[in-house]
Structures are given as structure tokens and as C-alpha cells.
Amino acid sequence: MGRGVMGRGLTRTMVVWAPDWPVTAAAVAAGRSPDEPIAVLEKGKVLATSAAARAGGVRRGLRARDAQSRCPELVVLKYDPVVDARSFDPVIGCLEALIPGIQVIRPGMCALKARGPSRFYGSEPAAAAKLLDRLETFDVPGSRVGIADGPFAAEQAARSSSAETRILVVPPGESAEFLAPFSVDTFEQPALTDLLRRLGLRSLGAFARLSPTEVLTRFGPDGAFAHRLACGCDDRSVTGREVPPELVRTLDFEPAVDRVDQVAFAVRSVADELIARLTELGLVCTMLRVEAGTESGRIHEREWLHPRWFTAADVVDRVRWQLQGSGTATTELTSPVVRLRLVPEQVDPVGAHVDGLWGGGPDERIHRALSRVQSMLGHGAVASVVVGGGRGYAERQTLVPWGDRPVPAHPADQPWPGSISSAGTTGWPTLAPTTIFPTPLPAQVLAEDGSQVSVSARGALSGTPTAFRLGPAAQVADSNKLHPITAWAGPWLVDERWWDPDKESRRARFQFTTADTRAWLFTLHQTTWQAEATYD
């Protein structure tokens, strides 16, 4: 193939790359300087490092302990893809102000067609220089630009540039020669890379010299696509992102405000404007992020969910709850607020939340009543129960504030040996109790001779349970009443967390029925009896 043939029909692509972007995003979110020795970890291994960390010997792929041993002053930050993408979005908006039609490859890297900008600014290097100058003014220093035939070669050109030569242009038709010395690891496909290395193909040039038909037969469609990239025949087009409507609302306070009621009063007009804009677009917000910037320089942010969708009043309530926490009093803030941002994180078409012809969805009256109670008593005053994993009924329930994501405290998909719900293996009945006491009730279980029943380590009872008496408690009206036991089952011995001395618990479970047809769930821990639940 000649040079002209190689570049024919391929899109001249410009790739803009911000080196060490995960470090920059994580450092800004944590209030650190990107110039410090910083390592961003993902799954316990180093994903990205700052220049200072690399100078200290920290490399990508090291475990956290190895990295800290090489650089004791290393600052370790956790990788958050949401923060990474969110921080890069304003950078894309900055570039789109100059050149529209930008495609985001990943946070820290984007691509655009080079033909339009090069014609407008006079040449490809001139257009690239304009983009770099724009990023410098937007406080994204050290960015690089690569220009070549197709996104793959342009990306490698951007990565091959240096701090001195920040723009690298591969002439049309010469992408194959440019890519030839690169290692096959450039594909970032571990399975294919390992196979090519075992076959002695260590460079893209060696791989490109193979016959396309033989590559397709031996390596399949993925290998054939990688072969086209190595040959410089990347025919993928650059598709500019669809710019979403601007929904973020920002409120600046000058001078700073140090009272919650003042912030809530000021944010009402901004909330009305946000909801009105969503209504115009036919959208509703179901997840809202509130960011509060203070005079101390810290940014307090939280994501709020809604069981249906946010109204302006709901937005004001969330702002107030975030600033003051639970409670009804108007409180002073520890640090005055200088800026407030309302960011609709999740918006849906309004039609997706309209009730069906025969109803459905949460009852609007119930929602209004619960939201009103929340506004008076605080966010955590109204909660719903989410069932998760655990060994006992009380451990399985999690109280989640109304409107928050229903996530249990313990995952339900894990095995829980000795759990009450494992009826298939222990014979325990699947019927769940109707009332679970928030705090187990103290009790006495008596044998025929009036002595308290005990259980040995082997599960042997000291006597037959004939009656029980509940101890004094807030939920017990007749603590001195003796309840005759008409039938009982147990004991079921459970040895929980035997590996943890602080949380170790060995107990026996029983079921009792009484003459009033009620059934009870009792537990015996050492010498203490407790009533945990009733089956009404």
C-alpha cells in the first residue's frame, strides 16, 4: 500500500489529552494540589500518579503498600469515576465554545474532526495551538494534542508528544509508519496482547505485516479490528456529543450568609426557576445534588433522591436539611455559605412518571403527608423499611429515610449461615413475624417447678417451658402477667461471629404459643431471655 492509499477515506482527527487527569480530578475534589505526590487507587492498585509521585518511584499497577514504601509522603486517593467525569465536563464545555462537535473518549481525553478547525484557523497546528491556549486560560495546564488519520493514531500521537513539543502532527497517509514501533500493549486488550507476544509479534508494525484474511481467521473480529488500527486504517468517524440543556443553577452570596433560614429563603427563587425550566423541557428531576461552598473553602455536597419528582418546595427542603441536618430549629452555620449549586443528576421524561389509566405509583396524598412531616421534623423523621441480609429479623431490616435510595445495611444475596430465613436447611418456618420489637423485651421463661429454663452447650433444656413473664419495658403494659405456654419449638442454637471477640454471640432461639393464639419468637443469650418478635 502506498501512502496516498493508506490515508484515502480516513478522517483527519485531532485528539486533546490532559495527562494525569484522574489525579487532577481526585486532588481537586479532596482539596489537594495536583503538584503533590499523589496516587489514585482503583481496586487496591495505582491507576494514575502525579509527576511528583513518579519522581518518587511510584508507578502504575503497584499496590498501595508498595507505592507508599517507595514514596513515604505519598497521598493516596480513591478513584471515583463519577467525580472524574463530572470534573471533565466543564473542560468539554470550554472547548465547545471554540469548536463544536467534540467526542469524549474518556475523562481527560476527547476527539474532534480536524478539517473544520484547520480551515478556520489556517492549519492543523494553528487550530491545535488555539485549543491549548484555551485550556491554559481554563486552568488546565500541560495538555497535549495529537493529529493523525483516525482516532487511534491521533491518540498515540498525543501521548507521544512532550512538555516541550505539545503538538504532534502525523502527515496524512503516514499513520502506519508512525504506529509501527509501538508495542502491542497499546491495544489495551490483555488477551490479544498475550497471544501476540507468545507468537513473537511484539510491535504494531510486525502485526500489521500479517495478511488481513489470516488475522480474521486466527484472531476473530476483535483481532481483525486491531489489525486495521495497526495498519493505520482506522475508519471510525468522530461523533460529537449532543450538548444537554443547561440545568445547573448557581446562587452566589455576597456577603456570605451564616444562617440556614436566610439560605433557604434565597434559594426559593432559584428552585422555582429550575423546576420551571424542567417543565418547559418536559422533564422531571428524580435525583438532585446540592453543593454548598463555604468561606472556609470546603464544598459540602450530597445527592438527594425523591420517591416521585422534585418540586420547588422539595428543593428548598433538601437545601435546608443538608445545611442543618435533622431538627426544626433555625441554626447558625459553622462556616458562612458563599455559593450554592443545584445540579439535577437524574432527569426523566415526565411521561415516564405519569400514573397509568387505572392508577399506580405512590399515592400522592401519602407522599404529601410524609413530605410535610419531614419538613417539620427533619429528613430522618420518616423512614421506610428495607429488607436485607442478616441472621435475625431485627438485623435484616434497615430504616431508610423517605425518598432516599432503598439500600439495605447488609446485602441480601450473600449466604447467612444460621439465619432464620434458611428454612430449607434448618426446618425453621418461613412465616415472618408481624411485629419485630426495636429493642428486644426482657423476659423470664419458667419451668414446671418455677425455675428459669436454661440451655446447655449441647442444646439440652433444664426443664420444659411452661410459662413466661415479660419484664418491665416501654412496650409492655402487663409486665407482671404470667403467660402459659401451650406449645413450643426449639432450641435452635446459633453461634454468630465466633471469630470476633467483641461481637461474638452464642444464643438459642425458641418459638412459643400462648392460649390467646399468639406466637412469640424468643432468644436465650447465656442466662438472659428476650422476646424479639410476635406472630399476631
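We count residues from 1, following the sequence as given.
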* With distance as the sole test, does Asp84 use its side chain to make a donor-acceptor pair with the main-chain N or O of Pro81 at under 3.5 Å? -> no
* Asked: Considering only heavy atoms from C-beta outward, does the side chain of Val140 approach that of Trp21 to under 4.5 Å?
  -> yes
Check residues 108-126 and write down every donor-acceptor pair under 3.5 Å in which the side-chain atom is one partner and the other belongs to a residue at least two apart or another chain.
| residue | atom | partner | partner atom | Å |
| --- | --- | --- | --- | --- |
| Ser118 | OG | Ala114 | O | 2.9 |
| Ser118 | OG | Arg115 | O | 2.8 |
| Ser123 | OG | Ala126 | N | 3.3 |
| Glu124 | OE1 | Arg12 | NH2 | 3.0 |
| Glu124 | OE2 | Arg12 | NE | 3.2 |

* Nearest heavy-atom neighbours spanning Val386 and Val400 -> CG2-CG2, 3.5 Å
* Structure fact -> Tightest non-hydrogen contact, residues Leu192 and Ala226, listed as CD2-CB, 3.7 Å
* Asked: How about Phe219 and Leu196: do any of their side-chain heavy atoms sit closer than 4.5 Å?
  -> yes
* Heavy atoms, side chains only, cut-off 4.5 Å: are Ser161 and Val145 in contact? -> no
* **Leu274 CG to Thr279 OG1 distance, which is reported to the nearest 0.5 Å** => 9.0 Å
Residues 210-217 side chain polar contacts: donor-acceptor under 3.5 Å, at least two apart:
| residue | atom | partner | partner atom | Å |
| --- | --- | --- | --- | --- |
| Ser211 | OG | Thr213 | N | 3.4 |
| Thr217 | OG1 | Thr213 | O | 2.9 |

* Asked: What side-chain hydrogen bond (donor to acceptor under 3.5 Å, both in side chains) pairs are there with at least one residue in residues 59-74, not counting sequence neighbours?
  -> none
* Asked: Do you know which two heavy atoms are closest between Gly142 and Pro19, and how far apart they sit?
  -> O-CD, 3.4 Å
* Passes side-chain contact (heavy atoms from CB on, under 4.5 Å), Arg236 versus Leu229? Steps please. -> CA-CA 10 Å; Arg236 293 176 296 172; Leu229 297 182; 4.1 Å; yes
* Asked: Would Ser296 and Thr294 satisfy side-chain hydrogen bond (donor to acceptor under 3.5 Å, both in side chains), going step by step from the backbone distance to the final call?
  -> CA-CA 5 Å; Ser296 62; Thr294 62; 2.8 Å; yes
* Asked: Would you find a donor on one side and an acceptor on the other, under 3.5 Å apart, between the side chain of Thr49 and the backbone of Val46?
  -> no
* Output all residues satisfying side-chain hydrogen bond (donor to acceptor under 3.5 Å, both in side chains) with Arg159, sequence neighbours left out; order by chain, then residue number. => Glu155
* To do: State the CZ-CG distance between Arg218 and Leu195, to the nearest 0.5 angstrom.
  => 5.0 Å
* Kindly write out the residues that satisfy ring-ring contact (aromatic ring centres under 6.0 Å, His included) with Tyr79, not counting sequence neighbours, or none if the list is empty. => none
* When rounded to the nearest 0.5 angstrom, what is the spacing between CD1 in Ile275 and CG in Leu283? -> 10.5 Å
* Check: Val347 and Trp309 side chains under 4.5 Å, non-hydrogen atoms -> no
* Can you name the salt bridge (Lys or Arg N to Asp or Glu O under 4.0 Å) partners of Arg198, sequence neighbours left out? -> Asp194
* Please identify each residue that fulfils salt bridge (Lys or Arg N to Asp or Glu O under 4.0 Å) with Asp20, with sequence neighbours left out. => Arg54
* Asked: Is any side-chain heavy atom of Ile147 closer than 4.5 Å to a side-chain heavy atom of Met14?
  -> yes
* Identify, with sequence neighbours excluded, every residue that meets side-chain hydrogen bond (donor to acceptor under 3.5 Å, both in side chains) alongside Arg228. => none
* Asked: Can you name the salt bridge (Lys or Arg N to Asp or Glu O under 4.0 Å) partners of Asp252, sequence neighbours left out?
  -> Arg339
* Whether over 12 other heavy atoms sit under 6.0 Å from Glu280 CD -> yes
* Structure fact -> Residues Val83 and Ala25: closest non-hydrogen pair is CG1-O, 4.0 Å
* Between CG of Asp317 and CD of Gln322, what distance do you get to the nearest 0.5 Å? -> 13.0 Å
* Asked: Are more than 12 heavy atoms from other residues, nucleotides or ligands located less than 6.0 Å from atom CG of Leu199?
  -> yes
* **Any donor-acceptor pair under 3.5 Å from His300 side chain to Gly293 backbone** => no
* Does any N or O in the side chain of Thr165 come within less than 3.5 Å of the main-chain N or O of Ser162, such that one atom is a donor and the other an acceptor? -> no
* Between Ala230 and Phe207, what is the shortest heavy-atom contact and its length? -> CB-CD2, 4.2 Å
* To do: Begin with the C-alpha distance, continue with both residues' side-chain angles, and end with the deciding distance and a verdict on side-chain contact (heavy atoms from CB on, under 4.5 Å) for Leu323 and Val319.
  => CA-CA 6 Å; Leu323 293 178; Val319 172; 4.1 Å; yes
* Ignoring hydrogens and geometry, is there a side-chain-to-backbone donor-acceptor pair from Asp149 to Ser175 under 3.5 Å? -> no
* To do: Evaluate the criterion side-chain contact (heavy atoms from CB on, under 4.5 Å) for residue pair Thr186 and Leu179; output intermediate values, then yes/no.
  => CA-CA 10 Å; Thr186 310; Leu179 293 172; over 6 Å; no
* Asked: What pair of heavy atoms forms the shortest contact from Pro344 to Leu288, and how long is it?
  -> N-CD1, 4.0 Å
* Donor-acceptor under 3.5 Å (Ser50 side chain, Ile38 main chain) -> yes
* **With sequence neighbours excluded, residues passing salt bridge (Lys or Arg N to Asp or Glu O under 4.0 Å) with Arg134** => none
* Structure fact -> Separation between NE2 (His227) and CG (Asp222), nearest 0.5 Å, reads 14.5 Å
* Trp17: side-chain hydrogen bond (donor to acceptor under 3.5 Å, both in side chains) partners, not counting sequence neighbours -> none
* Compare all side-chain heavy atoms of Val170 with those of Gln156 and state whether any distance is below 4.5 angstrom. => no
* For the residue pair Phe310 and Arg318, establish whether any side-chain heavy-atom pair is separated by less than 4.5 Å. => yes
* Only pairs at least two apart or in different chains count here, so list each salt bridge (charged side-chain N to carboxylate O under 4.0 Å, His left out) that has a residue in residues 25-46. => Arg32-Glu36
* Structure fact -> Separation between CZ (Phe187) and CZ (Phe152), nearest 0.5 Å, reads 5.5 Å
* If we only count heavy atoms from C-beta on, is the Leu305 to Met287 side-chain gap below 4.5 Å? -> yes
* **Test side-chain contact (heavy atoms from CB on, under 4.5 Å) applied to Leu135 and Val16, step by step** => CA-CA 10 Å; Leu135 292 176; Val16 182; 3.7 Å; yes
* CZ (Arg302) with more than 12 external heavy atoms under 6.0 Å -> yes
